Amino acid sequence: MPLPPNEPPSDFIRDIVADDVRSGKHTKIHTRFPPEPNGYLHIGHTKAICLNFGIAHEFGGLCNVRMDDTNPAKEEVEYVNSIMADVHWLIDGWADKNLNPKAALDQPSTIPPLPWTGYAVASIDHQPFFASNYFEPIYQYAVQLVRSGKAYVCDMTPEETDEYRRIGRESPFREREVAENLDLLARMKAGEFSDGARTLRAKIDMQSPNMWLRDPVLYRIRHATHHHTGDAWCIYPLYDFAHCLSDYLEGITHSLCTLEFEVHRPLYDWILEALELPDSRPKQIEFARLNLTYTVMSKRKLKQLVDEGLVRGWDDPRLPTISGMRRRGVTASVLRAFSYHIGITKYPSLTEVDALEHAIRAEFNRSALRRLAVLRPLKVVITNYPEGEMEELDAINNPEDPSAGSRKIPFSRELFIESADFMETPPPKYFRLKPGGEVRLKYGYIIKCDEVVKNSLGEVIELRCSADLKSKSGGPNSQRKVKGTIHWVSAPHALEAEVRLYDRLFTVPDPDAEGDFKAFINPHSLEVLTAKCEPSLGDAKPELRYQFERLAYFSLDPDSRPNEVIFNRTITLRDTWAKEATKA
RNA sequence: UGCCUCGUGGUGUAAUGGUAGCACGAGAGAUUCUGGAUCUCUUUGCCAAGGUUCGAGUCCUUGCGAGGCAGCCA
């Protein structure tokens with residue numbers, strides 16, 4: 001895959017931004033990433049993060065992370081912390097210079113380090129902004145709208161409000177006097193009324209073909225404790241009112257959001273216009289959210305999987321959450337490269353997960369250290385190799401990167417090979433080990449299978465082989481060709497490790513399109529094995545990626561302990577033999 | 001139903017009125033001490049019909065299809 005781009009990406013949004021710079025409309029570009037802290041970030045958010053921080057980065061501007069926290073019922077501090085950890089992890093070393101440091105003024109950091117990476121995000125420079133920090137100015141703007149006759153307090157029930165908007169009928173409270181509206185709004189704020197008893201509504205146009213212009217609700221009453229403002233407020237602005245004003249207050253120039261907010265844009269513009277704000281106003285631009293095959297992306301569904309125990313938590317490596325993918329071993333640079341390659345459009349597409357998998361393999365092929373490990377061991381005895389003898393063979397750490405050097409791996413009379421690398425009656429074109437057949441042990445000798453040992457059930461439990469002792473890699477006869485080369489581990493030296501093999505969480509490409517997405521959960525999405533590994537894997541580092549040769553890429557799981565190594569399989573190697581075997 | 005938006009190979013995208021490219025996937029071959037990687041090559045596309053123009057994927061009209069919105073969620 002194309003390496004991460006030297007040249008910046010190009011898309012319709014960047015075109016607009018570039019035009020605004022060229023025309024002199026803006027001298028400083030300012031974007032924002034505004035998650036609601038009601039769940040963990042997922043790979044769809046990485047698209048938005050890379051877009052917003054990417055633009056700030058390319059145009060020498062800033063990007064604010066802002067918690068869009070106007071609904072106290074759904075939001076929690078845990079989510080604020082996870083979001084910030086994920087954002088930092090994703091942009092660190094790439095666009096972290098564009099993270100707006102002014103947010104430090106908000107309050108001291110309470111964000112804990114990430115246990116699974118040791119990565120701390122406690123710097124005071126790394127505070128998020130909060131929409132809830134603007135509750136006071138937003139309220140003042142509401143008062144201003146009331147004063148100018150552009151908003152009113154409405155006493156209708158939620159059901160009535162819905163019905164009236166649907167049929168385009170005006171509220172009986174629409175023509176309330178300014179003074180009364182002011183009084184009522186103040187009393188709403190003071191807590192005199194119960195939840196839902198009254199709302200503040202914009203006075204726009206009940207006949208508008210755009211529903212969001214039919215006197216939308218600006219404030220609702222909620223006697224609830226807010227994760228950030230506590231009990232300071234009992235009225236909360238809705239998204240439409242809070243978002244455009246938060247953008248304005250932060251000096252955002254380009255407010256990028258997903259397609260479903262398209263119909264809200266006239267309201268976004270109406271509010272800023274109605275307030276006759278003095279400074280330049282932000283522009284909302286919509287783009288299509290990311291959809292990926294074989295997974296689900298909605299926070300609601302992810303939360304359901306977590307809450308119902310169908311996965312092990314928000315950071316389960318099978319989930320498309322940022323924390324899940326990180327735990328699985330996917331790196332931030334892979335996610336950024338992927339975001340770059342999927343592009344930005346207004347077409348609601350469904351991206352094949354192959355594109356993500358390709359991005360992972362492309363990076364890991366370049367960077368991962370090669371190691372030998374056997375997932376499903378079959379014992380092999382080299383009958384002509386002396387008992388008790390051991391030698392160390394040279395093994396290359398990464399053929400794609402000579403600077404990665406080499407290491408020694410022990411060889412002895414008793415080995416393990418992958419059980420799939422032996423077949424008693426193989427199909428055509430199978431060039432691994434078979435009775436009477438030869439194969440090379442990677443970095444070692446060419447061996448020949450002389451005898452197959454079975455148990456009482458007729459299962460193969462051991463192979464007795466003879467080695468061509470002159471055929472050792474680098475030795476006199478090392479040029480001799482055999483069709484197959486397989487990986488192996490010396491039995492007495494093998495390190496046992498738990499390996500967690502992950503597969504797609506769903507069995508269908510578009511679980512969202514089916515009725516009940518949970519009916520399509522892949523029952524084999526997790527398989528746990530005990531692998532036999534070369535000894536050097538005892539020193540595996542959490543920040544490194546490993547290719548178990550001929551198998552897959554792995555990384556250390558945070559559950560690992562000094563003498564208890566656990567590996568997560570991030571992604572298998574491409575396997576064209578599997579395809580071939582399926583054909584037969 | 002109303003309103004908004006979007007339709008380029010199987011998938012994701014490029015083109016800014018001037019030769020429809022790229023990537024992923026798929027297929028074939030070469031090479032290989034990883035059936036990986038690498039290198040060749042191949043395949044498949046402008047939703048449809050009109051119009052404007054010397055020239056239309058691009059502009060206009062109509063039709064068709066898809067997605068979004070119609071919470072006191074964001």
Side-chain angles (χ1 to χ4, degrees), chain A residues 1-2 9-12 15 34-36 38 68-71 73-75 154 156-159 161-162 165-166 168 195-201 208-214 216-222 235-236 238-240 242-243 257-266 286 288 290 293 299 341-359 361-362 365-366 370 372 396 399-400 429-432 439-444 446 471 473-474 478-487 509 547-552 572-581:
Chain A
M1 148 174 294
S10 166
D11 52 64
F12 76 98
D15 289 347
E36 183 186 14
N38 67 345
D68 215 346
D69 56 349
T70 56
N71 184 354
K74 290 186 175 177
E75 296 147 9
C154 179
M156 291 200 297
T157 66
E159 295 73 26
T161 309
D162 282 357
R165 288 181 74 195
R166 211 180 339 267
D195 287 4
R198 289 191 162 90
T199 59
L200 181 73
R201 294 229 259 160
S208 170
N210 183 335
M211 286 294 185
W212 289 102
L213 262 20
R214 319 246 268 223
V217 174
L218 266 20
Y219 265 96
R220 79 287 222 190
I221 300 170
R222 289 286 178 277
I235 57 172
Y236 292 91
L238 275 92
Y239 165 84
D240 289 289
H243 202 89
C257 62
T258 44
L259 255 23
E260 67 266 28
F261 295 105
E262 213 151 22
V263 287
H264 295 239
R265 181 160 21 103
E286 310 84 16
L290 172 68
T293 56
K299 276 190 198 170
H341 286 285
I342 56 175
I344 302 288
T345 66
K346 301 190 76 157
Y347 182 78
S349 54
L350 177 61
T351 298
E352 291 176 339
V353 74
D354 306 56
L356 206 214
E357 296 181 345
H358 172 78
R361 292 191 180 108
N365 178 51
R366 276 180 267 121
R370 271 57 171 177
L372 300 188
I396 295 166
E400 307 289 325
K429 290 204 260 182
Y430 182 86
F431 40 82
R432 280 116 94 152
V439 75
R440 174 175 288 283
L441 297 174
K442 178 93 180 179
Y443 299 124
I446 293 172
S471 67
S473 297
S478 69
Q479 297 312 308
R480 190 154 76 79
K481 298 292 179 199
V482 284
K483 273 192 290 188
T485 299
I486 62 172
H487 60 281
Q547 183 197 98
F548 293 2
E549 292 213 36
R550 304 209 307 130
L551 296 172
T572 62
L573 259 37
R574 284 188 69 211
D575 187 355
T576 47
W577 167 248
K579 261 179 229 167
E580 189 69 33

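Small disclaimer: the values here were computed from a predicted structure and weren't measured. Chain A is the first sequence line, chain B the second, and so forth, proteins listed ahead of strands; every chain is numbered from 1.
- One P atom belongs to B:G9, the other to B:A15, and the distance between them is 16 Å to the nearest Å.
- Put simply, the side chain of A:E352 and the base of B:G10 share a donor and an acceptor less than 3.5 Å apart.
- Atom C1' of nucleotide B:A14 and atom CD1 of A:I342 are separated by 16 Å, given to the nearest angstrom.
- Using a 4.0 Å heavy-atom criterion, one finds that A:Y236 contacts no nucleic acid atom at all.
- Of the side-chain N and O atoms in A:T345, one or more sit less than 4.0 angstrom from OP1 or OP2 of B:U13.
- The separation between A:K346 atom NZ and B:U8 atom P is 15 Å, rounded to whole Å.
- Projected onto RNA chain B by closest heavy-atom contact, A:F12 and A:Y239 fall at different nucleotides, the more 5' of which corresponds to A:F12.
- Whole-Å rounding puts the A:K429 NZ to B:G29 P distance at 8 Å.
- In this entry B:C69 has B:G2 as its Watson-Crick or G-U wobble partner, both defining distances falling under 3.5 Å.
- Between A:D240 and A:P216, every side-chain heavy-atom pair lies at or beyond the 4.5 Å cut-off.
- Pair check for B:U16 finds none; no Watson-Crick or G-U wobble contact set falls under 3.5 Å.
- For the C1' atoms, the distance from B:G21 to B:G57 is 13 Å, rounded to whole Å.
- Here the side chain of A:S471 pairs a donor or acceptor atom with the backbone of A:I446 at under 3.5 angstrom.
- Computed from coordinates, the A:R220 CZ to B:C73 C1' distance equals 7 Å when rounded to whole Å.
- Contact annotation: A:R370 does not reach the phosphate of B:U34 (side-chain N/O to OP1 or OP2, under 4.0 Å).
- Checked by atom type and distance alone, the side chain of A:Y443 pairs as donor or acceptor with a backbone atom of A:I396 at under 3.5 Å.
- Aromatic stacking is marked for A:F431 over B:G35, as both cut-offs hold: 5.5 Å for the centres and 30° for the planes.
- Rounded to whole Å, the P atom of B:G67 lies 23 Å from the corresponding atom of B:U62.
- Mapping A:D162 and A:Y443 onto RNA chain B by nearest heavy atom places A:Y443 closer to the 5' end of the strand.
- OP1 or OP2 of B:C24 has not a single side-chain nitrogen or oxygen of A:T351 nearer than 4.0 Å.
- Rounded to the nearest Å, the gap between the P atom of B:U44 and that of B:U11 is 16 Å.
- Stacking of A:W577 onto the six-membered ring of B:G35 is present: less than 5.5 angstrom between centres, less than 30° between planes.
- A donor N or O paired with an acceptor N or O is found under 3.5 Å between the base of B:G35 and the side-chain atoms of A:R432.
- For B:U19 and B:C24, the P atoms lie 25 Å apart once the distance is rounded to whole Å.
- For A:R165 (side chain) and A:M211 (main-chain N/O), a donor-acceptor pair under 3.5 Å exists by modelled atom type.
- The CZ atom of A:R550 sits 10 Å away from the P atom of B:U34 (whole-angstrom rounding).
- Nucleic acid contact class of A:L573 (heavy atoms, under 4.0 Å, all strands): base.
- A sub-4.0 Å separation between OP1 or OP2 of B:C3 and a side-chain N or O of A:R265 is absent.
- Atom pair A:Q479:CD and B:U32:P shows a separation of 11 Å (rounding to whole Å applied).
- Checking B:U8 for Watson-Crick or G-U wobble geometry (two distances, each under 3.5 Å) identifies no partner in any strand.
- The same atom, C1', is picked in B:U40 and in B:C54; the two are 41 Å apart, to the nearest Å.
- Between A:R166 and B:C3 there is no side-chain N or O to OP1 or OP2 distance below 4.0 Å.
- No hydrogens or angles were tested; on distance alone, a donor-acceptor pair under 3.5 Å links the side chain of A:Q547 to the base of B:U34.
- Glycosidic conformation of B:G71 is syn; the angle stays within 90° of 0.
- One P atom belongs to B:U31, the other to B:A23, and the distance between them is 24 Å to the nearest Å.
- No hydrogens or angles were tested; on distance alone, a donor-acceptor pair under 3.5 Å links the side chain of A:E400 to the base of B:G36.
- Counting heavy atoms from C-beta outward, A:K346 and A:E262 have side chains that approach closer than 4.5 Å.
- A donor-acceptor contact shorter than 3.5 Å is absent between the side chain of A:R440 and the backbone of A:K481.
- Contacts of A:S349 with the nucleic acid, taken as non-hydrogen atoms under 4.0 Å apart, involve only primed sugar atoms and P, OP1 or OP2.
- The gap from the P atom of B:U43 to that of B:G35 amounts to 30 Å, rounded to the nearest Å.
- Taking a cutoff of 4.0 Å between a charged side-chain nitrogen and a carboxylate oxygen, A:E36 and A:K74 do not qualify as a salt bridge.
- When atom types are taken as modelled, the side chain of A:R214 and the backbone of A:R166 share a donor-acceptor pair closer than 3.5 angstrom.
- Within 4.0 Å (heavy atoms only), A:H264 reaches at least one base atom of the nucleic acid.
- If you check B:G35 for Watson-Crick or wobble pairing at under 3.5 angstrom, you find it has no partner at all.
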